[in-house]
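Below, chain A is the first sequence line, B the second, and so on; all start at residue 1. This one's a predicted model, so the numbers in the text were calculated from it and none came from an experiment.
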Number of protein chains: 2
Amino acid sequence: MEAKEILKVHVAKLASLSDDEFDYFFSFFKKQSFKKGQVLISEGDTVDCEYFVISGCLKSFFINDDLKMFILQFAMPTWWASDYNALYNHTRATISVDCITDVEVLCLSNADREKLCNEIHNAEHFFRWRTNKGYVAANKRLLSLMNNNVKRRYEELLKLYPELYNMVPKSLIAAYLGVSRETLSRLYQA
Amino acid sequence: MEAKEILKVHVAKLASLSDDEFDYFFSFFKKQSFKKGQVLISEGDTVDCEYFVISGCLKSFFINDDLKMFILQFAMPTWWASDYNALYNHTRATISVDCITDVEVLCLSNADREKLCNEIHNAEHFFRWRTNKGYVAANKRLLSLMNNNVKRRYEELLKLYPELYNMVPKSLIAAYLGVSRETLSRLYQA
DNA sequence: CCTGAAATGTGATATAGGTCACATAAATTA
DNA sequence: TAATTTATGTGACCTATATCACATTTCAGG
């Protein structure tokens with residue numbers, strides 16, 4: 001399935017755009033390819049795009065003063081990624097985004113998203129529901145982080161994205177769970 | 001300032017509704033008052049409303065199998081609260097909402113919100129941006145939970161809502177920070 | 001197919017925070 | 001105002017996870 005079709009199916013799950021509307025909608029997205037390790041957004045950048053993943057896997061992450069990395073999100077196909085704080089508030093990036101594998105994305109600028117939302121009521125509907133779902137997911141993860149121990153969070157993550165197990169180094173999974181790689185390593189042998 | 005005016009100012013920050021549009025918008029909200037301790041949403045309920053706080057303070061929280069409570073949100077005036085997972089997905093509540101103080105809210109049903117979003121493009125714009133902001137805030141809190149120790153999270157919370165310090169028992173603040181009340185108690189004497 | 005780098009496993013030790021138990025203080029309510 | 005409940009402080013001890021150090025394995029590029 002090509003990029004346009006993947007986006008179309010994805011959008012259709014949350015909003016009903018006519019074919020013409022979708023063609024117009026799609027015309028604002030720029031297809032881009034990146035190699036494993038390439039950086040899409042780096043701390044301190046101005047951010048004006050968000051990325052819809054077609055193939056491969058991105059991560060969005062934060063590096064603290066001790067150079068420890070925390071992963072906010074793994075972005076698999078049909079997921080969106082950016083530094084949304086920077087994107088929405090026109091501030092510099094504190095979150096970085098890079099490629100865990102070779103990646104194809106559709107890139108949409110902040111200005112174009114707002115234009116689309118203005119011009120096509122159903123586009124705004126789509127983006128509202130996309131974020132609604134993200135909001136609910138973020139709150140679930142918050143609770144899981146407060147309530148569950150590492151083992152449980154690990155099992156939860158693998159249930160949610162089984163592909164990750166073979167796709168990304170365990171150190172990144174640890175950085176998503178918010179534990180050291182050593183602790184994660186000790187989990188699945190006991 | 002009365003409820004209608006508080007909501008109007010709040011909405012105007014994110015979307016421009018005409019006076020007529022806003023009157024219509026407002027007509028879907030029901031004003032309700034609750035006493036300290038009253039429960040608005042309780043685990044297992046079907047959820048069909050969200051609440052906009054006019055005065056007082058709500059909390060939304062989760063109780064785990066060990067009867068330990070985790071607070072997702074303190075909802076102060078102009079904040080919204082509900083079990084959004086249950087509300088959006090028409091499932092039973094896993095999150096409860098109750099009153100920390102006497103409270104006045106404006107209640108909006110899920111169906112009415114969707115109706116408003118359909119009929120008034122700017123209403124949909126408002127709700128999209130409301131959730132956008134919530135999403136960004138939730139992700140900030142996720143990072144803080146992974147990156148900062150209790151002391152830092154406590155300071156962060158008090159900077160964000162200084163009112164809380166005198167308004168709610170420390171045990172609730174601990175439940176928001178995700179630590180035991182004993183640990184929190186030990187923080188601000190050392 | 002070799003070689004260096006990256007990823008992973010594992011022991012020893014340190015520490016933040018949890019849990020339990022009980023004392024004290026503050027705030028409701030009869 | 002007394003009685004009762006609720007909130008808070010604090011000691012003693014326990015546990016999950018972090019950190020550091022080093023060994024081993026896997027993998028990508030020349």
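- The nucleotide whose nearest atom lies closest to any side-chain atom of A:Val179 is, among D:dA7, D:dT17, C:dG18, D:dT17.
- We find that CG of B:Leu184 is positioned 14 Å from C1' of C:dA16, with the value rounded to whole Å.
- Shown for residues 141-149 of chain A: no residue has heavy atoms falling under 4.0 angstrom of DNA chain C.
- Distances shown here put a side-chain N or O of B:Lys36 below 4.0 Å from the OP1 or OP2 atom of C:dT28.
- For A:Lys68, the salt bridge (charged side-chain N to carboxylate O under 4.0 Å, His left out) criterion is met by no residue, not counting sequence neighbours.
- The aromatic rings of A:Phe22 and A:Phe26 lie parallel to each other, with less than 30° between the two planes, well short of the 60° mark.
- Cluster annotation: B:Phe62 is connected to B:Leu142 through the hydrophobic network of ILVMFWY side chains, with a link wherever side-chain heavy atoms come within less than 4.5 Å.
- Side-chain N/O atoms of A:Ser171 include none lying less than 4.0 angstrom from OP1 or OP2 on C:dA7.
- Rounding to whole angstrom units, CG of residue A:Asn64 and P of D:dA18 are separated by 13 Å.
- Projected onto DNA chain C by closest heavy-atom contact, B:Ser180 and A:Leu172 fall at different nucleotides, the more 5' of which corresponds to A:Leu172.
- At distances below 3.5 Å, at least one donor-acceptor pair connects side-chain atoms of B:Ser96 with backbone N or O atoms of B:Glu43.
- Atom CG of B:Leu187 and atom C1' of D:dT8 are 14 Å apart (whole Å).
- A donor and an acceptor atom, one from each side chain of B:Asn110 and B:Arg113, are located under 3.5 Å apart.
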TODO: Run the numbers on A:Asn139 and B:Asn85 for side chain to side chain contact (heavy atoms under 4.5 Å, CB included), then give the verdict.
DONE: CA-CA 9 Å; A:Asn139 278 119; B:Asn85 185 38; over 6 Å; no

- [ ] Could you walk me through whether A:Lys36 and A:Asp102 pass salt bridge (charged side-chain N to carboxylate O under 4.0 Å, His left out), step by step?
- [x] CA-CA 4 Å; A:Lys36 176 174 173 172; A:Asp102 291 357; over 6 Å; no

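- With hydrogens and angles ignored, a donor-acceptor pair under 3.5 angstrom links the side chain of B:Arg181 to the base of D:dG9.
- Atom CD of B:Glu182 is separated from atom P of D:dA12 by 15 Å (rounded to the nearest Å).
- Protein atom CG of A:Asn166 is 11 Å distant from nucleotide atom P of D:dC27, rounded to whole Å.
- A:Arg186 contributes a side-chain N or O that forms a donor-acceptor pair with the base of C:dG11 under 3.5 Å.
- Neither OP1 nor OP2 of D:dT17 sits under 4.0 Å from any side-chain N or O of A:Thr183.
- Within 4.0 Å of B:Gly178, counting heavy atoms only, lie sugar-phosphate atoms of the nucleic acid but no base atom.
- One interatomic measurement links the two molecules: CG of A:Asp102 to P of D:dA28, which rounds to 12 Å at whole-angstrom precision.
- A:Tyr188 has a side-chain polar atom (N or O) that falls below the 4.0 Å cut-off from OP1 or OP2 of C:dG9.
- Distances shorter than 4.0 Å separate none of the side-chain N or O atoms of B:Lys68 from OP1 or OP2 on C:dG18.
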